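Below is one structure, written out as structure tokens; comments come after it.
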Amino acid sequence: PCNMVLKPGLEGVPVTQSAICDINGLKGELKYRGYSIAELAAKSSFLETTYLLIWGDLPSSKQLREFEDAIQMHRRLSFRVRDMMKCFPATGHPMDALQSSAASLGLFYSRRAIDNPQYIYDAVVRLIAKIPTMVAAFQLIRKGQDPIQPRDDLPYSANFLYMLTEREPDPLAARVFDRCLILHAEHSLNASTFSARVTASTLTDPYAVVASAVGTLAGPLHGGANEDVIAMLEEIGAPENARNYLKQAIDQKSKIMGFGHREYKVKDPRATLLQGFAEDLFARFGKDEMYDVARSVEEEASPLLGPRGIYPNVDFYSGLVYRKLGIPRDLFTPIFAISRVAGWLAHWREQLSANRIFRPTQIYTGKKTRAWCALEERN
Ligand code: CMC
């Protein structure tokens, strides 16, 4: 009907009800299942937060131990998946490798039981367990090495850093990394989570749900921004160049990476926490010279973009944290995926609990009926 109003990007349009995550974009507050993100980052672990997100309540110690044990048991990849990854081009982006590898899990596990709680539990365990192994495996494979096996004596985050770097991480590095995973685990209906819910609504398997979300997260307007922030800071080069860079970018109407958010009109609370994590790492392992550039960008941007509600988002400081942990730039977004899989799976479960297939409508702007023109008569 002609009275339909288009909302580009579905801004402000509710498309589902959800009890998972609550954002107050004016106050800069974020809660998972009613718990503030700052408290979770201080007191919880990524796996405990994952359990909370997916099943709605904090686990008992027995539930948490069983969940952690199950994840530890399923960290390994089938040799078939490893061999498949060895055929990927070494120059390919790790997000593409991850999307393909995650989707390949659907080849191994049946999709016909998505209404069975045990199937859901097992799928959650497999995905949370195997995604980090896939990211680490591709990193070693593209360097021409065999992936190394997970270590059962290491907790989730320490084990990931070990598989990636082949060294047991410093405890501070492992804890900071785990806290980063907590901060990135869920954020309501961002593009990748919406994509996960759309895919889930067709009742396909959870591996396809996660693979579609990984593909969506990869773009520079979404998870890919953390990689671009470091490139931007390097291009700016020194704190005193920040002002000119910003003015020029704003004049040319180009986006400042790591700034702006559909939901927040103040500084993203995760950016504040991540900035603190970066400082913790710098105090222990030495400062990154790009940190001064980042702070200068934030300071200079405040009078220019602040009045329009554009402030640093989660991606602005996360790259500096990962860089200090020795993680290559093109793995920043796969690490975002390692974490966000928790949120995607929480939404998968919630979608299945009250499913209706997503099938929005459109306002057609194309030609009306046209007369066919034979090939020889076309110019
Ligand atoms: N730098 C400069 N101007 C900006 C920025 C920015 N980063 N973000 C928004 N604006 C301006 C934009 O140019 C537009 O101006 P005008 O009204 O004059 O055309 C206005 O603000 C509204 O922007 P929009 O792109 O329509 O806003 P949106 O809600 O559709 O987009 C966003 C949100 C995150 C895609 C956008 O802020 C952006 O592209 N930021 C840079 C990329 C980035 O950091 N992405 C990470 C997002 S947070 C984590 C995640 O999702 O992964």
Side-chain angles (χ1 to χ4, degrees), residues 6-13 15 21 23 25-26 28 30 37 93 95 98-99 180-197 212-233 235-236 242-275 294 297-322 329-344 347:
L6 178 69
K7 294 276 192 170
L10 294 179
E11 180 163 5
V13 179
V15 294
C21 162
I23 300 170
L26 295 176
L30 170 61
I37 189 79
H93 196 284
M95 278 301 268
L98 179 60
Q99 188 184 22
C180 290
L181 295 187
I182 294 172
L183 292 189
H184 286 84
E186 161 59 9
H187 210 238
S188 80
L189 279 195
N190 54 86
S192 59
T193 303
F194 184 44
S195 166
R197 279 191 91 121
S212 73
V214 171
T216 309
L217 183 68
L221 294 186
H222 193 2
N226 54 14
E227 201 180 314
D228 294 343
V229 168
I230 296 293
M232 177 185 80
L233 297 178
E235 190 186 333
I236 296 171
R243 195 177 169 73
N244 275 346
Y245 179 93
L246 288 169
K247 285 203 149 159
Q248 216 173 36
I250 292 165
D251 281 352
Q252 291 167 356
K253 291 210 160 289
S254 35
K255 295 267 178 82
I256 313 301
M257 286 293 140
F259 271 73
H261 201 282
R262 182 71 65 79
E263 295 283 319
Y264 295 113
K265 299 305 158 211
V266 294
K267 186 171 176 179
D268 185 329
R270 300 166 299 172
T272 307
L273 290 164
L274 284 158
Q275 185 173 2
V297 169
E298 181 175 354
E299 200 181 303
E300 298 289 351
S302 175
L304 300 171
L305 296 173
R308 295 161 67 197
I310 301 168
Y311 287 96
N313 62 45
V314 66
D315 290 326
F316 193 63
Y317 286 107
S318 62
L320 288 170
V321 173
Y322 299 144
R329 194 184 300 174
D330 62 0
L331 293 188
F332 297 172
T333 317
I335 286 167
F336 194 156
I338 290 176
S339 162
R340 188 54 62 84
V341 71
W344 295 330
H347 282 269

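If you're wondering where the values come from, they're calculated on a predicted model, not measured in any experiment. Side chains included, hydrogens not; waters and symmetry mates left out as well; all remaining heavy atoms used. First listed ligand is number 1; within each ligand, the first listed atom is number 1.
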*Only counting residues at least two apart or in another chain, list the ones meeting salt bridge (Lys or Arg N to Asp or Glu O under 4.0 Å) with Arg340.*
none

[X] side chain vs [Y] backbone, donor-acceptor pair below 3.5 Å:
X	Y	answer
Asp268	Val314	yes
Thr216	Ser212	yes
Asn244	Ala242	no
Lys253	Ala249	no
Ser339	His184	yes
His347	Ala196	no

Test your reading of the structure: does [X] have an N or O sitting under 3.5 Å from an N or O of ligand 1?
X	result
Leu221	yes
Gly258	yes
Lys255	yes

So which protein heavy atom does [atom] come closest to, and at what separation?
atom	result
atom 41 (C) of ligand 1	Phe259 O, 3.4 Å
atom 6 (C) of ligand 1	Ile256 N, 3.5 Å
atom 31 (O) of ligand 1	Arg262 NE, 4.6 Å
atom 42 (C) of ligand 1	Met257 SD, 3.7 Å
atom 16 (P) of ligand 1	Arg308 NH2, 3.8 Å
atom 34 (C) of ligand 1	Gly260 O, 3.6 Å
atom 49 (C) of ligand 1	Asp315 OD2, 3.3 Å
atom 10 (N) of ligand 1	Ile310 CD1, 3.4 Å

For [atom], state whether the nearest protein heavy atom is under 4.0 Å away.
atom	result
atom 22 (C) of ligand 1	no
atom 19 (O) of ligand 1	no
atom 27 (O) of ligand 1	no

Below 4.0 angstrom from a heavy atom of [X], which ligand 1 atoms are there? Numbered from 1 as shown, please.
X	result
Ala225	43 (C), 44 (O), 45 (N), 46 (C)
Lys253	18 (O)
His222	46 (C), 50 (C), 51 (O), 52 (O)
Val314	49 (C)
Phe336	52 (O)
Gly223	52 (O)

*Using a heavy-atom cut-off of under 4.0 Å, does the side chain or the backbone of Asn190 touch ligand 1, or both, or neither?*
neither

For a quick test of reading the model, state the closest non-hydrogen atom pair linking [X] to [Y] and the distance between them.
X	Y	answer
Ala271	Asn313	CB-O, 3.5 Å
Ala218	Thr333	CA-CG2, 4.4 Å
Val214	Met95	O-CE, 3.4 Å
Leu30	Cys21	CD1-SG, 3.6 Å

_Does Gln252, at its CD atom, have more than 12 non-hydrogen atoms belonging to other residues, nucleotides or ligands within less than 6.0 Å?_
yes

*With sequence neighbours excluded, what pairs up with Tyr322 under the ring-ring contact (aromatic ring centres under 6.0 Å, His included) test?*
Phe332

